[in-house]
Chemist: 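I have a structure I would like to understand better, so I am pasting it below and will then ask my questions one at a time.
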Number of protein chains: 2
Amino acid sequence: MRIGEIAALVGLTTRAIRHYHHVGLLPEPVRLPNGYRTYTVRDAVLLARVRRLTELGLGLDEVRDVLADDAGRDLAEVLEELDADLARQEADIRERRSRLAALRAAPPGATEPVSPALADLFAKAPATGSPSAALDRELLTLLDTAGEGGADVYAALGPIAADPAVLALYERLDELADAPPDDPRIPGLADALVAAVPDAVFDAIPGDGGTGAVAPAVVEALLAEYAPAQAEVVRRVMEAFVRRGRR
Amino acid sequence: MRIGEIAALVGLTTRAIRHYHHVGLLPEPVRLPNGYRTYTVRDAVLLARVRRLTELGLGLDEVRDVLADDAGRDLAEVLEELDADLARQEADIRERRSRLAALRAAPPGATEPVSPALADLFAKAPATGSPSAALDRELLTLLDTAGEGGADVYAALGPIAADPAVLALYERLDELADAPPDDPRIPGLADALVAAVPDAVFDAIPGDGGTGAVAPAVVEALLAEYAPAQAEVVRRVMEAFVRRGRR
DNA sequence: TAGAAACCCTGCCGTTGCGGCAAGGTCAAG
DNA sequence: CTTGACCTTGCCGCAACGGCAGGGTTTCTA
């Protein structure tokens, strides 16, 4: 048989067969005077074995091992390992599909695939035009991905999410967008913000202090997001939290 | 933030982030005078989005598409496609695992992962030292892989698999290993073999004639497996089948 | 008997999402 | 001043082939 014929017989492509020769999985067969490979029925039997094994999901290296060991002993071992691997993959896929399903179930404006707990929180909070509030949402989304905060934090934030008074605070912060860094409204707003956050939120935050386990460079980058006066407010709020953490 | 800091923040490696820049998934950020990349919180939010999407199983191209389209509309579409893909993969893995389970359930000497129907047939036939019988087994295994014969053929072969008279025929074929191609025992054995195969087997074979849909080169390769006198027997048997097919 | 279709050959590049490694430059602390 | 921990670019490797280039052979067909 020539390569195309044996390929059709065992259900492989000629490319695959040549590949197997190339990587040493199968020895090169005898050549005709014109250079064509000629295969015997034995080769077909071998190739069929290879096909069955690869279809089960074995890699070519493993197939080579199984073919080398005449005893079927090694095969059982390899198959067990393979099954474990497939089980892991299957669980993995199911995991992803379930998260996908949860994500697809809540399409109204949900531009972000966040955890269910955070999605709940966002659902409670009314959509607002406040840039500061939008930034907060982004930060929560970020921490959600990083796995920093737990669901506890979101739950603790729940009660104030829908509070109109909180929205008013965001608007006061927005108003500082073009204010100088010594604007007189800063201290009062910072105090109001600190007071607005219930202790439960603070307790739910893991780590050492008010800024959690966040590196200094991250804090710096965060402050850079705000206008000068707003950054000053945020800085004061964070300091207050750190003090609260030391208590 | 520098690259290591943002990587730790969103749970990626620096290599991955640089890779995203490299393939154009994310624009290169501003550089410090020393050449270091500096990231903002915005970048972190973006990277977090990328991480969530890739963790769901999207490819980088798809992530790029989703990030490009500001509307979430395209996202829903991509997610649907992704879910279908994952479903397919999951079914695939389950398929393989079930075949694997069937294979692992029957370990006694089963060196070959064949279809259940063929495994049944092999279980019926006693293990024999006959080389001819062994070759037949290999051929059946081969055809089993190729998906040529169906379970019908195996079922039709069942009744004669355990027949001691069939074994005797194999032994007569073995005895021709060193015989000349004009050995007088040839015609009688060929007739006996043809007579031994029930019509049901023939009826179960798909395709046009006695040799099924097998190409001439395959037949040639098959005959090359036998000693001259044995090949002559096999040739006569096949011819008889072809004649039977024309009837 | 030519021409075209259908085979065959070797060899190299592309795929996916990074990890590893090499060969440097930079910056903080001891 | 020297570690050591960062950062930079860039190229190779991975699994199992598919595609293509560039060329020879065989076989069918007009």
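Side chains are part of it too, since the values below use all heavy atoms of this structure and drop only hydrogens, waters and symmetry mates. First the proteins, then the strands, lettered A, B, ... as listed; each starts at 1. Here the structure is a predicted model, which is why all the values come from computation and not from measurement.
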Chemist: Would you mind reading off the distance between Glu62(A) atom CD and dC14(D) atom P, rounded to a whole angstrom?
Modeler: 16 Å
Chemist: Sugar-phosphate means primed atoms, P, OP1 and OP2; the rest is base. With that split, encode nucleotides 11-21 of chain C 5' to 3' as B, S or - using protein heavy atoms under 4.0 Å.
Modeler: B-----BBBBB
Chemist: Tell me, please, whether Phe122(A) has Arg137(A) positioned over its six-membered ring: NZ or CZ under 6.0 Å from the ring centre and within 45 degrees of its axis?
Modeler: yes
Chemist: Can you tell whether the side chains of Glu138(B) and Arg42(A) come within less than 4.0 Å, N to carboxylate O?
Modeler: yes
Chemist: Check this one for me: any side-chain N or O of Arg31(A) less than 4.0 Å away from OP1 or OP2 of dT10(C)?
Modeler: yes
Chemist: Once you round it to whole Å, what is the distance between P of dA6(C) and CD of Glu5(A)?
Modeler: 16 Å
Chemist: Distance check needed: dT26(D) P versus Leu32(A) CG, whole Å only.
Modeler: 9 Å
Chemist: Any sub-3.5 Å donor-acceptor pair from Glu62(A)'s side-chain atoms to Gly59(A)'s backbone N or O?
Modeler: yes
Chemist: Run the numbers on Leu86(B) and Leu56(B) for side-chain contact (heavy atoms from CB on, under 4.5 Å), then give the verdict.
Modeler: CA-CA 10 Å; Leu86(B) 288 180; Leu56(B) 282 175; over 6 Å; no
Chemist: Could you state the atom-to-atom distance from NE2 of His21(B) to C1' of dT8(D) in whole Å?
Modeler: 13 Å
Chemist: Under a 4.0 Å N-O cut-off, is there an ion pair linking Arg236(B) with Glu239(B)?
Modeler: no
Chemist: Could you grab the distance from atom CD of Glu5(B) to atom CG of Leu9(B), nearest 0.5 Å is fine?
Modeler: 9.5 Å
Chemist: Quickly work out the Asn34(A) CG to dT25(D) P distance and round it to whole Å.
Modeler: 8 Å
Chemist: CD1 of Ile3(A) versus C1' of dC9(C): gap in Å, rounded?
Modeler: 10 Å
Chemist: Rounded to whole angstrom units, what separation is found between the OH atom of Tyr39(B) and the P atom of dC6(D)?
Modeler: 16 Å
Chemist: Does OP1 or OP2 of dT10(C) have a side-chain N or O of Arg37(A) closer than 4.0 Å?
Modeler: yes
Chemist: Can you tell me the distance, in whole Å, between the OH atom of Tyr36(B) and the P atom of dT9(D)?
Modeler: 11 Å
